[in-house]
Amino acid sequence: MSMPTQDGVFLWQTEAKCGGMETSEFFDNEREAKKTCRTCPVKDECLQDALIYNYDGVWGGTTYRERRKIKHTEFLREDYIEAGLYNPKLKV
Ligand code: SF4
C-alpha cells in the first residue's frame, strides 16, 4: 500500500500513462480509459491503491463496479481461509 503525497498524488503516478490526460475521460469513457490502462507501466500499483482507497472511475484498468467484485471475492477468500474452509483448487 502506498500513501499519497501531501499534494494528493502517489509517487507511481509520475509514470502513469494517463498523466496529463483529462480525468473526465476516466469517468465518462470507460472503454477508452481502459485502452490507456492496458499498456500503463504502473497498472498494478494503480489498481492496488484504487482498491484500498475506494476511488471512483477507471483505475488500473477496472471500473468501480469491477473493483467492488474483486474486493468481495478477496473478502470471501480471507473469510474462508480464517474458517479453515479455503480450498485453493476451488475458485471462490
Ligand atoms: S492504470 Fe490507467 S488509471 Fe492507472 S495510472 Fe495507468 S493509465 Fe492511469
Side-chain angles (χ1 to χ4, degrees):
M1 172 173 131
S2 57
M3 300 287 288
T5 65
Q6 284 183 332
D7 301 332
V9 296
F10 296 98
L11 290 178
W12 53 258
Q13 285 183 301
T14 57
E15 297 174 52
K17 194 164 181 194
C18 59
M21 290 177 69
E22 278 295 323
T23 51
S24 61
E25 185 86 5
F26 286 78
F27 291 91
D28 304 335
N29 193 342
E30 290 178 355
R31 182 178 290 197
E32 284 303 310
K34 284 181 166 190
K35 269 190 204 171
T36 304
C37 295
R38 219 172 281 149
T39 55
C40 178
V42 290
K43 186 177 171 187
D44 291 345
E45 292 88 340
C46 179
L47 175 59
Q48 184 181 358
D49 283 333
L51 285 166
I52 292 166
Y53 294 103
N54 287 322
Y55 292 134
D56 204 357
V58 173
W59 288 69
T62 61
T63 62
Y64 180 77
R65 186 175 294 164
E66 290 166 338
R67 290 192 300 278
R68 279 189 55 161
K69 269 190 192 170
I70 292 169
K71 285 183 87 161
H72 182 68
T73 304
E74 290 299 316
F75 175 76
L76 284 179
R77 185 175 297 135
E78 285 173 21
D79 235 23
Y80 278 45
I81 289 169
E82 266 181 36
L85 300 171
Y86 181 64
N87 179 348
K89 291 181 181 167
L90 300 175
K91 289 197 173 175
V92 178

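Both counts, for ligands and for their atoms, begin at 1 and track the order of listing.
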TODO: Pull out every atom of ligand 1 sitting under 4.0 Å from any heavy atom of C40, numbered as shown with elements.
DONE: 1 (S), 5 (S), 6 (Fe), 7 (S)
Task: Expected output: side-chain E25 to main-chain E22 donor-acceptor under 3.5 Å - done: no
TODO: Measure the CD-NZ distance between E66 and K34 for me, rounded to the nearest 0.5 Å.
DONE: 3.5 Å
Task: Proximal ligand 1 atoms for A16, defined as those under 4.0 Å from one of its heavy atoms - done: 5 (S)
Open item on the list: If you count every heavy atom of other residues, nucleotides or ligands that lies below 6.0 Å from L11 atom CG, does the total exceed 12?
Closed with: no
Task: For W12, the ligand 1 atoms whose distance to one of its heavy atoms is below 4.0 Å - done: 5 (S)
Open item on the list: Looking at Q13, I want to see if its CD is surrounded by more than 12 non-hydrogen atoms of other residues, nucleotides or ligands under 6.0 Å.
Closed with: yes
Task: Metal check, atom 8 (Fe) of ligand 1 vs C37 N/O/S, cut-off below 2.8 Å - done: no
Open item on the list: Under a 4.0 angstrom heavy-atom cut-off, which atoms of ligand 1 come close to K43?
Closed with: 1 (S)
- [ ] Look at the N, O or S atoms of C46, main chain and side chain alike, and state whether any lies under 2.8 Å from atom 6 (Fe) of ligand 1.
- [x] no
Open item on the list: Checking a contact table here: which protein heavy atom is nearest atom 8 (Fe) of ligand 1, and how many Å away?
Closed with: C18 SG, 2.3 Å
- [ ] Using modelled atom types only, decide if a donor and an acceptor are shared between the side chain of R67 and the backbone of G60 within a distance under 3.5 Å.
- [x] no
